[in-house]
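Step one of this worksheet: look at the structure below.
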Amino acid sequence: MLESYSFGNIESDFLLVDNVTDKICNSCSHALISTPAIIQASKSGFSFLHLQCYNPINSTYIFDYNYLSTLSNDSDISTFNQWLNNINRQHPILNKPQKLDIRVETKLSRTLKEIYKYFTIEELMILRRVSKEWYTIFLSKEIWLYLLRRDYFMDTGQIIDPFEVYFGNLLNHCYFCHKSSYSSALCPLLLRKICKKCQCHADDPYHKCGLINKNNAKFWYKINDKWLQDNKIRFWKIASGEEITYNWLIQRKINVGKKE
Amino acid sequence: MFYNFNKIEEVKIRLRSAEGHICEVEESAALMSSFIRSMIEGFNEVTEVSLPNINSVVIEKVIEYMRHYKDKDPPIIKKPIISSKMEENTSAWDAGFIDADWNMVVDLMTAADYLMMIPLRDLCCAKMACKFKGRSIDELRAEYHIENEFPSEMEENLEFQHPWRLE
């Protein structure tokens, strides 16, 4: 019977399932009568086992490709299937198509990681709150290494905790130009540091760090106090009594309104 | 003897979709995909590439992109994106090309990932990012059927964790 099987480069955990007679079980030493039996093939030869006497070598799930069944009798097939289900049930983790699950999860996280790269840190701080999964991906090292390279032009080769480094930079570097400066001041509106160079542009409302006073803002954008209040536009009262804010803070809210 | 070089036809690569349909594309355009390039360079006489996980509609779309950028480099999309409108982030052609429904963009991104076409994958990611940009958390949860998994006290913590936030 065995001669009819061509084994070639067979692996040790490959199993044959067939009706075996005139052989003794290698485990219990009882004769194998004509019932489904396991023929375990290894480099040293064959071993014959009752279905009940067989234990998977590495205690793993037996997949379709781990065995070859030549059973033809319906009752034998059902006996074997029942045995296989029992064996596989002992490995509940592997009962699920685990590989597929990992692939799906990786695909989603891969996609989200790539999408996250298109956002600013402020936007990411909002996006992370959508769900636990989004939050987990937000904390991934890859994102923070990328953000460090993008926002602070840093060589990230030696960085162990990019999250911490990024937040350190965020609080110590200029909010607008992202450069480190010893002569920077904390902006009371943004609660972030602004370097001297960027502060020089405060009078130019068209510049990215340009400021605008409340009256001008109302006149230019034709908005009223209620709109400013509804959109939570923060103002800072300077020594002359004027209330000022960043021009882009208002423009951003106006653009959001237009989109809606 | 005179040769009419104009008549020499370019080699065409046949892309077999998941349904078994064949879509033809010029070799010079198909080389934009690193996957197809490696197939062609690895096996000299390959003229047919089987793509069992990409359907024919998506393949046609990918071919359209390949043909458009056959002789030129796709524009680089700036990160972070500046607007929720694609036209303001990339070229008009790219914005028009990717102006499709969500499922199509996801399929296209999967295909781009499989075919190793980084510019197309980036374009799809940018489109998705545009759809997220400027949306509130509740809007995102409602649109993409995501449950709020955070307990209320944890959500408050997350909201007020960083004093420098701009919300």
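Letters go in sequence order (proteins before strands), and every chain restarts at 1.
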So for B:Ile81, is it side chain, backbone, both, or neither that comes closer than 4.5 Å to the heavy atoms of chain A?
both
Chain A-proximal positions within residues 115-122 of chain B [heavy-atom distance under 4.5 Å]:
B:Arg121, B:Asp122
Could you measure the distance from the CG atom of B:Leu51 to the CD1 atom of B:Ile59? Nearest 0.5 Å is fine.
4.5 Å
With under 30° as parallel and over 60° as perpendicular, where do the rings of B:Tyr144 and B:Trp102 fit, or are they tilted in between?
tilted
Would you check if there is a donor-acceptor pair between the side chains of A:Asp161 and A:Tyr166 at a distance under 3.5 Å?
no
Are A:Arg192 and A:Tyr175 in a cation-pi contact, defined as NZ or CZ under 6.0 Å from the six-membered ring centre and within 45° of the axis?
no
Report yes or no: is the cationic atom of B:Lys133 (NZ for Lys, CZ for Arg) closer than 6.0 Å to the six-membered ring centre of A:Tyr118, at no more than 45° off its axis?
no
Considering only heavy atoms, which portion of A:Tyr246 lies under 4.5 Å from any heavy atom of chain B: side chain, backbone, both, or neither?
neither
Please answer whether the main-chain N or O of B:Glu139 pairs with a side-chain N or O of B:Ser136 as donor and acceptor at a distance below 3.5 Å.
yes
Residues which pass salt bridge (Lys or Arg N to Asp or Glu O under 4.0 Å) with A:Asp155, listed by chain and number, not counting sequence neighbours:
none
